[in-house]
Amino acid sequence: LAKEAQKTGVEAIKYQIYFAEELLVKRHPRFEHFKQQSFTKNSWRNLIKKTKQLGVKVYADIYGIQAFKLASECRVDGYKIHSSDLSNFHILSLINNIKNGESVILSCGGSNVREISYALKQLRGLKSRPILMHGFQSYPTNINDTNLKRISWLKDYFGHKCDIGFQDHISGDDWFAISLPLLAVAKGAKFIEKHITFNRDRKGIDYYSSLEPKELKFFVSCIKKTINSFGDNYVAFSEAEVKYRNTVKKKAVAARDLIKGEILKENDINYKRVSDQTIETAYLDDLIGKKTNKFLKN
């Protein structure tokens, strides 16, 4: 599946590393489920090694200290802290001491400002800007529960020290699975997370909100096109827009033949398109009362 994901053009592949013993208490009704579902440490080592060989960045969700140590041993490019651990001092302190400037992502789904602020306070030693991810999984998440306005809130409240992203968990077969993250990008999300599965019909783990490889490839192209549509500069024109401007802008021209030394009046000037692209637009107020310095033909 990692090979299929890499082919879609994604910039990173993220795995969820967990061990039942540090994820839940043994009396939890789903303890055995997670115990049987989790990979061995050697399986993780081999999987991450092979994924890195694909030439793509590898991130890891870490759900405990063992998971962090394993991810660190495998030299992942970034760590993600689940929203359930934003108050977990033990994990936060380990992440705060990473040395190589790896990316650090904080899941903010179901988390309040106090919890987010606490986590960021414990991560003051990071060399990279933390990334706050809005969104949560409710198998799948209802469109009415997505609340993209929270991206703006995160940006306003934490944007001076964090980047903002969106982890989308809407149903994979809903057309909003493509368009909703594009709206998140327009709201200011710089990072987008998506699940991938070979085939939703097989109903594997987290299939609800997953895209199939062909869908993910199309999705990645849509994200890149959306980002490109923003441009690089708020003010400067692109070459195409300069050409458009020079072609369509009307310029001040003589409304009649004007002799040299004539004082310009309002009716002496019209605005029309001209072929000479070196002529700049002049405002009527700046021209009225001025004296012509040569003969101007209508």
For this session: Identify the two heavy atoms, one from Leu92 and one from Ala119, that lie closest to each other, and give their separation to 0.1 Å.
Result: CD1-CA, 3.8 Å

Problem set entry | Audit row: Tyr59, Ile13, side-chain contact (heavy atoms from CB on, under 4.5 Å) steps and yes/no | CA-CA 6 Å; Tyr59 291 3; Ile13 294 174; over 6 Å; no

For this session: Check the angle between the aromatic planes of Tyr18 and Tyr63 and answer parallel, tilted or perpendicular using the 30° and 60° thresholds.
Result: perpendicular

For this session: Please examine the side chains of Leu86 and Tyr118, heavy atoms only from C-beta on, and report whether any two atoms are closer than 4.5 Å.
Result: no

Problem set entry | Straight-line distance of Ile196 CD1 to Arg200 CZ, nearest 0.5 Å | 11.0 Å

Problem set entry | Nearest non-hydrogen partners of Arg245 and Phe237, listed with the distance | CD-CE1, 3.9 Å

For this session: Kindly compute the distance separating CD1 (Ile151) from OG1 (Thr146), expressed to the nearest 0.5 Å.
Result: 9.5 Å

Exercise. Is it the case that more than 12 heavy atoms not belonging to Phe230 sit under 6.0 Å from its CZ atom?
Worked result: yes

Problem set entry | Polar side-chain atom of Asp77 near backbone of Val58 as donor-acceptor pair, under 3.5 Å | yes

Problem set entry | Check: Asn42/Thr40 side-chain N/O donor and acceptor closer than 3.5 Å | no

Problem set entry | Considering all heavy atoms, the nearest Val76-Ala60 contact | CG1-CB, 4.2 Å

Exercise. Should Ile178 and Phe218 count as side-chain neighbours, where that means a heavy-atom distance under 4.5 Å?
Worked result: yes

Problem set entry | Side chain proximity check, Ile62 to Ile95, heavy atoms < 4.5 angstrom | yes

Exercise. Is it the case that more than 12 heavy atoms not belonging to Phe34 sit under 6.0 Å from its CZ atom?
Worked result: yes

Problem set entry | Distance (rounded to the nearest 0.5 Å) between His169 NE2 and Ser210 OG | 9.0 Å

Exercise. Is the NZ atom of Lys155 crowded by more than 12 outside heavy atoms at less than 6.0 Å?
Worked result: no

Problem set entry | Worked verdict on Tyr15 versus Thr51 for side-chain hydrogen bond (donor to acceptor under 3.5 Å, both in side chains) | CA-CA 10 Å; Tyr15 293 115; Thr51 303; 2.7 Å; yes

For this session: Check whether the ring centres of Phe191 and Phe166 lie less than 6.0 Å apart, and answer yes or no.
Result: no

Exercise. According to a 4.5 Å side-chain heavy-atom criterion applied to Ile, Leu, Val, Met, Phe, Trp and Tyr, with indirect links allowed, do Ile164 and Met133 form part of one hydrophobic cluster?
Worked result: no

Problem set entry | Partner residues of Glu262 under the side chain to side chain donor-acceptor pair (under 3.5 Å) criterion, sequence neighbours left out | Arg256

Exercise. Side chains of Asp174 and Ile143: does their closest heavy-atom pair fall under 4.5 Å?
Worked result: no

For this session: Ignoring hydrogens and angles, tell me if any N or O in the side chain of Lys290 forms a donor-acceptor pair with the backbone of Asp286 under 3.5 Å.
Result: yes

Problem set entry | Glu11, CD: over 12 other non-hydrogen atoms inside 6.0 angstrom | no

Exercise. Measuring from Lys190:NZ to Leu132:CG, what's the distance to the nearest 0.5 Å?
Worked result: 12.0 Å

For this session: Can you sort out the partners of Gln137 under side chain to side chain donor-acceptor pair (under 3.5 Å), two or more places apart, ordered by chain and number?
Result: Ser209

For this session: Without swapping roles, check the side chain of Glu22 against the backbone of Phe19 for a donor-acceptor pair under 3.5 Å.
Result: no

Exercise. OH of Tyr271: more than 12 outside heavy atoms within 6.0 angstrom?
Worked result: yes

Exercise. Are more than 12 heavy atoms from other residues, nucleotides or ligands located less than 6.0 Å from atom NZ of Lys52?
Worked result: yes

Exercise. Going from CG on Asp168 to NE2 on His195, what distance comes out if it is rounded to the nearest 0.5 angstrom?
Worked result: 8.5 Å

Exercise. Would you find more than 12 non-hydrogen atoms of other residues, nucleotides or ligands less than 6.0 Å from Lys251 atom NZ?
Worked result: yes

Exercise. Is there a side-chain contact between Ile205 and Gln37 (heavy atoms, below 4.5 Å)?
Worked result: yes

For this session: Decide whether Val104 and Ile192 are clustered together by the hydrophobic rule: side chain heavy atoms of Ile, Leu, Val, Met, Phe, Trp, Tyr closer than 4.5 Å, transitively.
Result: yes

Problem set entry | Any donor-acceptor pair under 3.5 Å from Asn100 side chain to Glu102 backbone | no

Exercise. So which heavy atom on Asn298 is nearest to which on Ala254, and how close?
Worked result: OD1-O, 3.0 Å

Problem set entry | side-chain contact (heavy atoms from CB on, under 4.5 Å) between Glu266 and Leu284, intermediate numbers included | CA-CA 7 Å; Glu266 181 177 339; Leu284 186 65; 3.9 Å; yes

Exercise. Less than 4.5 Å apart, any side-chain heavy atom of Lys149 and any of Asn147?
Worked result: yes

For this session: Decide yes or no on salt bridge (Lys or Arg N to Asp or Glu O under 4.0 Å) for Glu32 and Lys35, but give the supporting numbers first.
Result: CA-CA 5 Å; Glu32 288 302 322; Lys35 179 75 172 177; over 6 Å; no

Exercise. According to a 4.5 Å side-chain heavy-atom criterion applied to Ile, Leu, Val, Met, Phe, Trp and Tyr, with indirect links allowed, do Leu106 and Ile17 form part of one hydrophobic cluster?
Worked result: yes

For this session: Not counting sequence neighbours, list each pair that qualifies as a salt bridge (charged side-chain N to carboxylate O under 4.0 Å, His left out) and has a residue in residues 78-95.
Result: Lys80-Glu193

Exercise. Quick check: does any side chain N or O of Arg129 sit under 3.5 Å from a backbone N or O of Cys162, one acting as donor and the other as acceptor?
Worked result: yes

Exercise. When rounded to the nearest 0.5 angstrom, what distance separates CZ in Phe158 from SG in Cys108?
Worked result: 7.5 Å

Exercise. Counting only heavy atoms not in Gln53, do more than 12 fall under 6.0 Å of its CD?
Worked result: yes

Exercise. Where do Gly165 and Ile131 come nearest, in terms of heavy atoms and distance?
Worked result: N-CG2, 4.4 Å

For this session: Taking all non-hydrogen atoms of both residues into account, name the closest pair between Ser93 and His90 and its distance.
Result: OG-O, 2.9 Å

Exercise. Under a 4.5 Å cut-off applied to non-hydrogen side-chain atoms, are Pro181 and Lys194 in contact?
Worked result: yes

Problem set entry | N/O donor-acceptor pair under 3.5 Å between Ser138 side chain and Pro140 backbone | yes

Exercise. Is there a path of hydrophobic side-chain contacts, each under 4.5 Å between heavy atoms of I, L, V, M, F, W or Y residues, that connects Ile227 with Phe219?
Worked result: yes

Exercise. Taking Glu115 for the side chain and Asn112 for the main chain, is one N or O donor matched with an acceptor at less than 3.5 Å?
Worked result: yes

Exercise. Is the backbone of Ile259 close enough, under 3.5 Å, to the side chain of Thr292 for a donor and an acceptor to pair up by distance?
Worked result: yes

For this session: Measure the acute angle between the ring planes of Phe68 and Tyr79, then classify it against the limits of 30° and 60° as parallel, tilted or perpendicular.
Result: tilted

For this session: Mind running side-chain hydrogen bond (donor to acceptor under 3.5 Å, both in side chains) on Lys187 and Ser152 for me, showing each step along the way?
Result: CA-CA 7 Å; Lys187 294 285 286 184; Ser152 299; 3.1 Å; yes

For this session: For the pair Asn96 (side chain) and Gly125 (backbone), establish whether a donor and an acceptor sit closer than 3.5 Å, ignoring hydrogens and angles.
Result: yes

Exercise. Quick one: do Leu183 and Ile170 end up in the same hydrophobic cluster if we chain Ile, Leu, Val, Met, Phe, Trp and Tyr together by side-chain heavy atoms under 4.5 Å apart?
Worked result: yes

Exercise. Could you walk me through whether Glu73 and Lys41 pass the salt bridge (Lys or Arg N to Asp or Glu O under 4.0 Å) check?
Worked result: CA-CA 11 Å; Glu73 174 194 328; Lys41 290 183 178 180; over 6 Å; no

Exercise. Does Tyr157 reach the side chain of Val113, with side-chain heavy atoms less than 4.5 Å apart?
Worked result: yes

Exercise. Hey, is the main chain of Gly135 close enough, under 3.5 Å, to the side chain of Gln167 for a donor-acceptor pair?
Worked result: yes

